[in-house]
Amino acid sequence: MNTTPIQDQLKRPIRDLRISLTDRCNFRCTYCMPKEIFGEDYAFLPAREMLSFAEILRLTKLFVSLGVVKIRLTGGEPLLRKDLPELVAGILSLSGVEDIGLTTNGVLLGQQAKELYAAGLRRLNISLDALHPEIFGQMNGRGLKPSLILKHIDQARELGFEVKVNMVVQKGVNESEILPMAAYFKERQITLRFIEFMDAGNDNGWSLAKVVTKKEILQNLRDVYELEFLEQDFYGEVAQRYRYKNSDAEIGFITSVSESFCSSCTRARLSSDGKFYTCLFASGGMDLRALLRSGADDSRLLNVIKDVWEKRTDRYSDERQEHTAADRKKISMSYIGG
């Protein structure tokens, strides 16, 4: 099997694989799956069209042979997928996998955290956009209060999980929660990451006017806290990291709008129905499921994956403009995985 790390046209290696386990979610967040679009009659993928765990493991092994060392399980909401600890254990058994994490809204975490930890999962990114019950309820589209998520965060940490919290900040929606969120998670030594509102997909009504930039958030925080910039831990690290002075607590910024990081993007994406995407803002992907189910051997699959990556030139966030964001048809984030 080919074990030579591959690079794209801009000399970016393939190091990270984000695997969407389902296009379904139990939230209807306004910036991802607005309920006006994803209503009760929305046609999600039938089970037969989603990759089986065996198919996911086979493809993951191939990606790892080409240079991937980090895996992230995402969705939709990945905890909706049954028997998830089985997949986690299988991925961790693959030679070459150095790290695996999971992104979740945390609603179902209380039921599954122990089994996931026993399977070897150690890192969780948990989405939480506000501490104010009404603001959070409106943003998640279900009226769910943050108290349940906060309880599950505490339970996960007691088990030994490393937890990071992701907050998408939208102008006119939850800017007022920046400082309360910072104070809450600083006190608990939990890393909080502020994510600029992105134009992922075409359903969330994105515009530059709704973006609260890193610069604006940072100024807000520096009115209260002294913050020290931290250097990257590794090539391709997305978050810009800061530490509160005289503290071990950190914050991070995901700045795909105001300060793009396309030049060092090492992420490949696999949708729940087996399409291989090379960018979060992609318009289309390579159907690996069709190849798998038509009997393609590993050599054929490897060559296809390698060919797609080596031809990659994606740098959407570098090129983004208001009109291109509106005019370009992009895959929904709930389908491709955040």
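Hydrogens, waters and symmetry mates are skipped; everything else that's a heavy atom, side chains included, is used. Sequential numbering from 1 along the given sequence is applied to the chain's residues.
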**Student:** Compute whether any side-chain donor of one residue and acceptor of the other, for Glu259 and Gln240, lie under 3.5 angstrom apart.
**Tutor:**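 Yes.
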**Student:** Distance alone, cut at 3.5 Å: any donor-acceptor contact between the side chains of Thr278 and Asp314?
**Tutor:**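 Yes, side-chain donor-acceptor contact under 3.5 Å.
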**Student:** Answer yes if Phe281 and Leu10 sit in the same cluster of Ile, Leu, Val, Met, Phe, Trp and Tyr residues linked by side chain heavy atoms under 4.5 Å apart, and no otherwise.
**Tutor:** no
**Student:** Could you check Asp273 against Lys275 for salt bridge (Lys or Arg N to Asp or Glu O under 4.0 Å), going step by step and ending with a plain yes or no?
**Tutor:** CA-CA 6 Å; Asp273 62 349; Lys275 292 187 176 65; 3.2 Å; yes
**Student:** To the nearest 0.5 Å, how far apart are CG in Asp129 and SG in Cys29?
**Tutor:**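 Asp129 CG to Cys29 SG: 6.0 Å, rounded to 0.5 Å.
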**Student:** Looking just at side-chain N and O atoms, do Ser263 and Arg315 make a donor-acceptor pair shorter than 3.5 Å?
**Tutor:** no
**Student:** Within the side chain of Arg289, is there an N or O that forms a donor-acceptor pair under 3.5 Å with the backbone of Glu49?
**Tutor:** yes
**Student:** Quick one, Arg15 with Cys265, criterion side-chain contact (heavy atoms from CB on, under 4.5 Å). Give me CA distance, side-chain angles, the key distance, then yes/no.
**Tutor:** CA-CA 9 Å; Arg15 291 182 53 82; Cys265 178; over 6 Å; no
**Student:** Is there a donor-acceptor pair closer than 3.5 Å between any side-chain N or O of Arg188 and the backbone N or O of Tyr184?
**Tutor:**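 Yes: the side chain of Arg188 pairs with the backbone of Tyr184.
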**Student:** Quick one: does any side-chain atom of Arg28 pair with a main-chain N or O of Cys25 as donor and acceptor, under 3.5 Å?
**Tutor:**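 Yes, Arg28 side chain to Cys25 backbone: donor-acceptor pair under 3.5 Å.
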**Student:** Using side-chain heavy atoms (C-beta onward) and a distance below 4.5 Å, is Leu221 in contact with Leu179?
**Tutor:**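 In contact.
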**Student:** Working to the nearest 0.5 angstrom, can you tell me the gap between Arg122 CZ and Leu159 CG?
**Tutor:** 9.5 Å
**Student:** Not counting sequence neighbours, list each pair that qualifies as a ring pair (Phe, Tyr, Trp, His ring centres under 6.0 Å) and has a residue in residues 66-87.
**Tutor:**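 Residue pairs with at least one partner in residues 66-87: there are none.
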**Student:** Do Arg81 side-chain atoms and Leu21 backbone N/O form a donor-acceptor pair below 3.5 Å?
**Tutor:**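 Side chain of Arg81 to backbone of Leu21: a pair is present.
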**Student:** Side-chain heavy atoms under 4.5 angstrom apart, residues restricted to Ile, Leu, Val, Met, Phe, Trp, Tyr: same cluster for Ile100 and Val69?
**Tutor:**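 In one cluster with Ile100: Val69, no.
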**Student:** Could you check if a side-chain atom of Ile195 sits within less than 4.5 angstrom of a side-chain atom of Val169, using non-hydrogen atoms only?
**Tutor:**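 Result no, sub-4.5 Å side-chain heavy-atom pair not found.
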**Student:** I'd like to check Thr74 versus Ile19 (side-chain heavy atoms, cut-off strictly below 4.5 Å). Are they in contact?
**Tutor:**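 No. Closest side-chain heavy atoms not under 4.5 Å.
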**Student:** What residue pairs, at least two apart or across chains, pass side-chain hydrogen bond (donor to acceptor under 3.5 Å, both in side chains) with a residue in residues 216-225?
**Tutor:**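 Every pair satisfying side-chain hydrogen bond (donor to acceptor under 3.5 Å, both in side chains) with a residue in residues 216-225: Lys171-Glu216, Thr213-Glu216, Gln219-Asp223.
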**Student:** Please determine if Lys210 forms a cation-pi arrangement with Phe197, meaning its NZ or CZ atom is less than 6.0 Å from the six-membered ring centre and no more than 45° off the ring axis.
**Tutor:** no
**Student:** Between Arg193 and Ile251, is there a side-chain heavy-atom distance shorter than 4.5 Å?
**Tutor:**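 No, side chains not in contact.
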**Student:** Side-chain contact test, heavy atoms from C-beta onward, threshold under 4.5 Å: evaluate it for Gln170 versus Val212 and give yes or no.
**Tutor:**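 Answer no - side chains too far apart.
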**Student:** Any side-chain heavy-atom pair from Lys214 and Glu196 closer than 4.5 angstrom?
**Tutor:**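 Sidechains of Glu196 and Lys214: in contact.
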**Student:** For residues 153-169, which residue pairs pass the salt bridge (Lys or Arg N to Asp or Glu O under 4.0 Å) check, not counting sequence neighbours?
**Tutor:**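 Passing the test, one end in residues 153-169: no pairs.
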**Student:** Indicate yes or no for a side-chain donor-acceptor contact from Glu177 to the backbone of His132 under 3.5 Å, with no hydrogens or angles considered.
**Tutor:**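 Yes.
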**Student:** At what distance, to the nearest 0.5 angstrom, does OG1 of Thr191 lie from CZ of Arg243?
**Tutor:**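 It comes to 10.0 Å.
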**Student:** For residues 146-166, which residue pairs qualify under ring pair (Phe, Tyr, Trp, His ring centres under 6.0 Å), counting only residues two or more places apart or in two chains?
**Tutor:**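 Found Tyr117-Phe161.
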**Student:** Residues in ring-ring contact (aromatic ring centres under 6.0 Å, His included) with Phe53, at least two apart?
**Tutor:**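 Applying ring-ring contact (aromatic ring centres under 6.0 Å, His included) to Phe53 gives none.
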**Student:** Just checking, any donor-acceptor pair under 3.5 angstrom between side chains of Glu77 and Thr104?
**Tutor:** yes
**Student:** Under a 3.5 Å distance rule, please check whether Ser294 uses its side chain to pair with a backbone N or O of Ala290 as donor and acceptor.
**Tutor:**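 Indeed, once roles are kept as given, a pair shorter than 3.5 Å links the two residues.
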**Student:** Which residue pairs pass the side-chain hydrogen bond (donor to acceptor under 3.5 Å, both in side chains) test when at least one of the two sits in residues 84-100, sequence neighbours left out?
**Tutor:**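 As it turns out, the side-chain hydrogen bond (donor to acceptor under 3.5 Å, both in side chains) pairs with a partner in residues 84-100, which skip direct neighbours, are Asp99-Arg123.
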**Student:** Could you walk me through whether Ile126 and Ile149 pass the side-chain contact (heavy atoms from CB on, under 4.5 Å) check?
**Tutor:** CA-CA 8 Å; Ile126 299 177; Ile149 313 303; 3.8 Å; yes
**Student:** After noting the C-alpha distance and the side-chain angles of Tyr31 and Met139, does the key distance pass the side-chain contact (heavy atoms from CB on, under 4.5 Å) rule?
**Tutor:** CA-CA 8 Å; Tyr31 54 80; Met139 291 189 74; 4.0 Å; yes
**Student:** Which of parallel (below 30°), tilted (30 to 60°) and perpendicular (above 60°) describes Tyr242 and Phe229?
**Tutor:** perpendicular
**Student:** In the structure I gave you, are the side-chain heavy atoms of Phe194 and Asn166 within less than 4.5 Å of one another anywhere?
**Tutor:** no
**Student:** Please name the pair of heavy atoms, one in Met167 and one in Ile178, separated by the smallest distance, quoted to 0.1 Å.
**Tutor:**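 Closest approach of Met167 to Ile178, heavy atoms only: CE-N, 3.9 Å.
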**Student:** Using every non-hydrogen atom in the two residues, find where Thr103 and Ser127 come nearest and quote the distance to one decimal.
**Tutor:** CG2-OG, 4.5 Å
**Student:** Could you list the residues that satisfy salt bridge (charged side-chain N to carboxylate O under 4.0 Å, His left out) with Glu40, not counting sequence neighbours?
**Tutor:** Arg142
**Student:** Hey, is the main chain of Cys262 close enough, under 3.5 Å, to the side chain of Arg12 for a donor-acceptor pair?
**Tutor:**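 The answer is yes, because a donor-acceptor pair under 3.5 Å joins these two groups.
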**Student:** Enter the distance from Gln189:CD to Tyr244:OH here, rounded to the nearest 0.5 Å.
**Tutor:** 10.0 Å
**Student:** Just wondering, more than 12 heavy atoms not from Glu226 lying within 6.0 Å of its CD?
**Tutor:**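 Check fails, neighbour count at 12 or below.
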**Student:** With ring pair (Phe, Tyr, Trp, His ring centres under 6.0 Å) as the rule and sequence neighbours excluded, what pairs involving residues 67-101 come up?
**Tutor:**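 Qualifying pairs, neighbours excluded: none.
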**Student:** So, using side chain to side chain donor-acceptor pair (under 3.5 Å) as the criterion, who are the partners of Arg293 when residues are at least two apart?
**Tutor:** Glu55
**Student:** What about Ile190 and Val224, same hydrophobic cluster or not, with Ile/Leu/Val/Met/Phe/Trp/Tyr joined at side-chain heavy-atom distances under 4.5 Å?
**Tutor:**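 They do share one cluster, since a chain of ILVMFWY contacts under 4.5 Å joins Ile190 to Val224.
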**Student:** For Ala268, check side-chain contact (heavy atoms from CB on, under 4.5 Å) against everything at least two apart and list the hits.
**Tutor:** Ile14, Leu17, Phe63, Phe276, Trp309
**Student:** Nearest 0.5 angstrom please: Phe136 CZ to Leu131 CG, how far?
**Tutor:** 9.5 Å
**Student:** Out of curiosity, Leu292 CG to Leu51 CG, how far, rounded to the nearest 0.5 Å?
**Tutor:** 7.0 Å
**Student:** Nearest heavy-atom pair of Gly76 and Pro78: which atoms, and what distance?
**Tutor:**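 Result for this residue pair: O-CD, 3.4 Å.
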**Student:** Checking Asn140 against Asn105: is there a side-chain donor and acceptor pair closer than 3.5 Å?
**Tutor:**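 There is no such pair between these side chains.
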**Student:** Within the distance-only criterion (no hydrogens, no angle test), does the side chain of Gln112 pair as donor or acceptor with the backbone N or O of Leu79 below 3.5 angstrom?
**Tutor:**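 Confirmed, Gln112 side chain pairs with Leu79 backbone.
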**Student:** Which atom pair, heavy atoms only, marks the closest approach of Ile135 to Ala130?
**Tutor:**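 What the structure gives for the nearest pair is CG2-CB, 3.7 Å.
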**Student:** With sequence neighbours excluded, what pairs up with Asp16 under the salt bridge (charged side-chain N to carboxylate O under 4.0 Å, His left out) test?
**Tutor:**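 By the salt bridge (charged side-chain N to carboxylate O under 4.0 Å, His left out) rule, Asp16 matches no residue at all.
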**Student:** Using salt bridge (charged side-chain N to carboxylate O under 4.0 Å, His left out) as the criterion, list what pairs up with Arg241, not counting sequence neighbours.
**Tutor:**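 Expected list: Asp233, Glu237, Glu250.
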**Student:** Taking the side chain as C-beta and beyond, is there a heavy-atom pair between Leu66 and Leu302 under 4.5 Å?
**Tutor:**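 Leu66 reaches Leu302 side chain to side chain.
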